[in-house]
Each structure stands twice: as structure tokens, then as C-alpha cells.
Enquirer: 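So that we are looking at the same thing, I have put the structure below in C-alpha cells.
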Protein chains: 2
Amino acid sequence: METETQGIQKRKKGIETVNRILEISADLFAHKGYDGVTGHEIAEMVGIRESSMYNHFKNKTDILNTLFDIFIDKVPESRPSDADLDKMLMIMQPEEIFKNILFYFGGHVSGTIENIAMIINNEKYRNPRAAEMYYRYVVNEPSDYYERLIQKMSRCGMIRQIDARMLAEQYNYVSLSLTKEYFMAKNGLADMHSVVKYMIRTIEFFCGLMKE
Amino acid sequence: METETQGIQKRKKGIETVNRILEISADLFAHKGYDGVTGHEIAEMVGIRESSMYNHFKNKTDILNTLFDIFIDKVPESRPSDADLDKMLMIMQPEEIFKNILFYFGGHVSGTIENIAMIINNEKYRNPRAAEMYYRYVVNEPSDYYERLIQKMSRCGMIRQIDARMLAEQYNYVSLSLTKEYFMAKNGLADMHSVVKYMIRTIEFFCGLMKE
DNA sequence: GTCTATAGCTAGATAGAC
DNA sequence: GTCTATCTAGCTATAGAC
């Protein structure tokens, strides 16, 4: 017979296992590609048998879709809020604000979210849900965010009158390419120092456009 | 006994088959990912048995590496030569030149090269050769090319004095993101009209920076 | 929830006939 | 060069014991 406490412990263990499966899957999918990862590989890293995974997830696609759900849930936390931006605007120069946003991600968001972003980026050509999420959360929402920021800066008189939408989109597209290079650098496939230096130079370039 | 003519015909057929395998592999790898494609699938589309493919290629990796070799061989043809640029500079505005370069690719280069570019882009996180090619042929060489173009324009007095390198790199990074969206649009995962319109707007934005 | 065992299938690759 | 036949290995997923 199973006591009530044993039942609770099992459930706790289950939640931990589910989280570990998700974390490890995100990491493997991001680095080896969704099709390049086997259930066996995930289970081995989690420390359980492959068959035990099917207690938590219906199949491999179910893991992927759960990761996508997590991303949608957590992505708003990946950037400073608009209220935070208002505070920054009072005490910081444009360059500082953009740098702050850039490094906010690294500080406030788990590696899992970063990995899911890479999965979305890699699978967008063949997975319609990934394609939809790419446009919504990687292209449009960040562009909207930067547009609002540039408009705020313009209203404060920190920068000159400028096409905020265009500048926001251009900055976001450059950032996208650089984020991928940052990911490559993390895996020894690019020089981290150069990538970070270039990110800073990009911020200076765009802030230069806004001021001149 | 095999006559000499029969031998020649077999060899011709062989070359055609090899080319078909490469074309179809490039297409499938680009759209479904390298790991998402099976040898059986390629062979079926080529119209031969999988086992016959192993007469032409040692294995699946061999096909991929041959595609990479082809890319290196053909990539110089994907942009107008520096001599062509000099001719353009005499009769065209900056916008027109950039648009010409943009559409040159579509007109002068086979879909296979475009597909290989996508494969490099997708595999760069796990395939060191793809990573190396990405930096060399997708990031650095095009940036060098645009830098030379902007310097030429500057020397002609068509545009103001400007940081040509920085502008070239920024334009190239935006182009990279947009090229991928163009590829998505071709597969019904994005709106082609919007993507092309945005490419034009990007050219106008950068040319605006160079003139103002 | 986790395990062992295994079914059922598909992948990559080779051997040998024509 | 292409075919049929086949091997081995690996993958996804399920059944049933603990």
C-alpha cells in the first residue's frame, strides 16, 4: 500500500523529472536540431529510461510543443517592462538603455528560453507553429518594443525626429543575426569577444543615427 | 560484352544521375533539414533505388560535402563582378545598384545554390564546416563586397563620407534575415509581397543614410 | 514513476546478379 | 549503373512488473 506522503513525493519527483526532460530537450534540440535528437538521448541525460519519458509526454512532438508553450509564457520577462524603460529614460543615455536591454536577457532569462528561441529559429522553415511564433515573438513584438522605446526617446528630446518603426525593425534584424552568432560563440563556433564587441558597435551605430 | 558507345552512354547517364541526386538533395536538405531527409526519400525523387545512390556517393555526408564544394565553386557568380559594378556606377543611382545586386541572385543563380545557402545557415550550429563557410561566404565576403561598393560610391561623390565598413556589415545582416524570410515566403510560411516590399524599403533606408 | 522487455518500423549501407 | 535482397543498427512507442 502507498501512503499519502509517498504519493506526494512521487508527484514532486514527477514534476522535477518533467522539468529536467524539458530543460535537457531544449538544450539538445537547440544544438543538434529537433530531428537530430533521439528520445533515448534525452532520457539518458535525464537519468531515466526512454520508456519512462512516455509517462510524462505522449511523444517527441509533445515535448517540442510544451517547450513552445513555455516560451510564449516566459517571453514577456525577457525584456525590461515599459515602466522600467520610463525609469531608464530619466537617467540613462540611449546607448546605455540599449545595452541594458541587450544584457537583460542574459541576466533574467534561463538558458532554456534562449534554447527554445534557437529551436524556433531553426524549425521555422518546416514547422508552421515555429514559423508563426517566429514572426510574432521574434520579429514583430521586439520591433514594436524598440519602436515604442525610440518614440519615447524622441518625445524626451533625447534624439532627433526619425522614422522610429523603420529604425526599430532594422535594429531588430541586425540583432537577430548577432544573437545567432552569440549562440554559435557559446558553442565554440565563433569568437565570443568579437560577437559581443560587434553587438556594442551596432548599438553605437544605431544610436549615432538617432542623434546626428 | 559492352561496346564503347554503351560505355559512354552509361557514363553520361551517371553524370545526369549524380546531378539529379545533388539538386534534389539540396532541395530536400534545405526544406526539411539534413537530419530530416532519408536516403530512400532522395532516391525515390531521383527515380532510382537507394542502393544505386551508393554507387555515386559514399554516404549521406558525402552528398552534403559535395554540395558544399559546389557552393564554394559557384558563389562568386551570385553577385555582379566588381567590373560590372563600375559600369553600373556610371549610369545608376545607389538604390538602383543595390536593387540590381539583390535581384541578380535570383536571375543568375540556380535554385540549388540558394538551397545550399539555406543548408549552411541551418547546419552552422552543429557542422563545423558549415560554420566556417557561413562566416566566410555569408558574413565576410558579402560585407567586403558591399564595403567596396560603398567606397566606390563615396569616391564618385554619389554619397557623403561615411563608415563604409559598418554600413556594409549592417546592411548585410539585415539582408541575411530578409533572405531567410524570402525563403520562408517561397514555402508559404511568409507573405512574399511583404518580404519583397521590405527588402526594397531596406535598400531605400540605407541609401537614405548614405545620402543625407 | 520507473523499470525491463520487446514489438514494429525505418534508417543507412553492402553484396552480388544483370 | 541499376536492380533485388538483405544486414545491422537505431528509433519510436507500448505492455506489464515492481
Side-chain angles (χ1 to χ4, degrees), chain A residues 1-29 31-67 119 123 126-127, chain B residues 1-29 31-67 119 123 126-127:
Chain A
M1 281 294 282
E2 187 178 85
T3 68
E4 200 178 320
T5 358
Q6 282 173 333
I8 291 168
Q9 281 181 338
K10 260 192 190 174
R11 243 166 288 140
K12 271 193 185 168
K13 201 178 168 188
I15 292 166
E16 267 170 41
T17 305
V18 166
N19 287 338
R20 279 179 55 71
I21 291 170
L22 290 168
E23 258 175 55
I24 287 165
S25 298
D27 184 61
L28 289 172
F29 291 163
H31 290 88
K32 309 181 78 177
Y34 176 73
D35 285 319
V37 178
T38 68
H40 181 82
E41 204 176 353
I42 299 167
E44 196 169 41
M45 288 193 68
V46 172
I48 58 172
R49 296 289 167 175
E50 200 183 344
S51 56
S52 304
M53 271 202 331
Y54 290 97
N55 245 305
H56 305 287
F57 297 96
K58 222 177 76 220
N59 48 37
K60 216 175 127 188
T61 319
D62 188 22
I63 299 177
L64 183 66
N65 278 315
T66 308
L67 289 175
I119 299 168
E123 301 303 322
R126 40 196 163 272
N127 183 320
Chain B
M1 279 296 282
E2 188 178 86
T3 68
E4 200 178 322
T5 358
Q6 281 173 333
I8 290 168
Q9 281 181 338
K10 260 194 191 173
R11 243 167 287 140
K12 270 193 186 168
K13 201 177 168 189
I15 292 165
E16 268 170 41
T17 305
V18 166
N19 288 338
R20 279 178 55 71
I21 291 170
L22 289 168
E23 259 176 54
I24 287 166
S25 298
D27 184 61
L28 289 172
F29 291 163
H31 290 88
K32 308 181 77 177
Y34 176 73
D35 285 320
V37 179
T38 68
H40 181 81
E41 202 176 355
I42 299 167
E44 196 169 41
M45 287 194 69
V46 172
I48 58 172
R49 298 288 167 177
E50 198 182 345
S51 56
S52 304
M53 271 202 329
Y54 290 98
N55 245 303
H56 304 288
F57 298 95
K58 222 178 76 222
N59 48 38
K60 216 175 129 188
T61 319
D62 189 23
I63 299 177
L64 183 66
N65 278 317
T66 308
L67 289 175
I119 299 167
E123 300 304 321
R126 40 196 163 271
N127 184 319

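Each chain gets a letter, A, B and so on, in the order its sequence line appears, and its residues count up from 1.
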Enquirer: Please give, in whole Å, the distance from C/dT10 P to A/Lys60 NZ?
Expert: 15 Å
Enquirer: Of all residues at least two apart in sequence or in a different chain, which pass the side chain to side chain contact (heavy atoms under 4.5 Å, CB included) check with B/Asp62?
Expert: B/Phe57, B/Lys58, B/Asn59, B/Thr66
Enquirer: A/Met53 CE to C/dC3 P: how many Å, rounded?
Expert: 12 Å
Enquirer: Rounding to a whole Å, what distance do you find between B/Phe57:CZ and C/dG12:C1'?
Expert: 16 Å
Enquirer: Students often get this wrong, so: under 4.0 angstrom with heavy atoms, is B/Val37 touching a base, only sugar-phosphate, or nothing?
Expert: sugar-phosphate
Enquirer: Starting at atom NZ of B/Lys32, determine the distance to atom C1' of C/dT10, rounded to an integer number of angstrom.
Expert: 13 Å
Enquirer: Mind calculating the distance between NE2 (A/His56) and P (D/dT12) to the nearest angstrom?
Expert: 17 Å
Enquirer: Tell me every residue that passes side-chain hydrogen bond (donor to acceptor under 3.5 Å, both in side chains) with B/Asn65, counting only those two or more places apart in sequence or in another chain.
Expert: B/Arg129
Enquirer: Could you pull out all residues at least two apart from A/His31 that satisfy ring-ring contact (aromatic ring centres under 6.0 Å, His included)?
Expert: A/Phe183
Enquirer: If you look at every heavy atom in A/Ala43 and A/Arg49, which pair is closest and at what distance?
Expert: CB-C, 3.7 Å
Enquirer: Who are the salt bridge (charged side-chain N to carboxylate O under 4.0 Å, His left out) partners of A/Glu41, not counting sequence neighbours?
Expert: A/Lys32
Enquirer: Send over the distance from B/His40 NE2 to C/dC9 P, rounded to a whole Å.
Expert: 15 Å
Enquirer: C/dA13, D/dT12, D/dG1: which one has an atom nearest the side-chain heavy atoms of A/Tyr54?
Expert: D/dT12
Enquirer: Return the set of residues passing side chain to side chain contact (heavy atoms under 4.5 Å, CB included) with A/Val46 (not counting sequence neighbours), or none when no residue passes.
Expert: A/Thr17, A/Arg20, A/Ile21, A/Ile24, A/Ile42, A/Ile48
Enquirer: Does a side-chain heavy-atom distance below 4.5 Å link A/Ile63 with A/Phe29?
Expert: yes
Enquirer: Using atom CD1 of A/Ile15 as one end and atom P of C/dG1 as the other, report the distance to the nearest whole Å.
Expert: 8 Å
Enquirer: Looking only at the side chain of A/Ile48 (C-beta and beyond, no hydrogens), which of the listed nucleotides D/dC3, C/dG1, C/dC3 gets closest?
Expert: C/dC3
Enquirer: Rounded to whole Å, how long is the line connecting atom CG of B/Asp35 with atom P of D/dC11?
Expert: 11 Å
Enquirer: Tabulate atom names and distances for all N/O pairs under 3.5 angstrom spanning the protein and nucleotides 4-9 of chain D.
Expert:
from	atom 1	to	atom 2	distance (Å)
D/dT4	OP2	B/Arg49	NE	2.8
D/dT4	O4	B/Ser51	OG	2.6

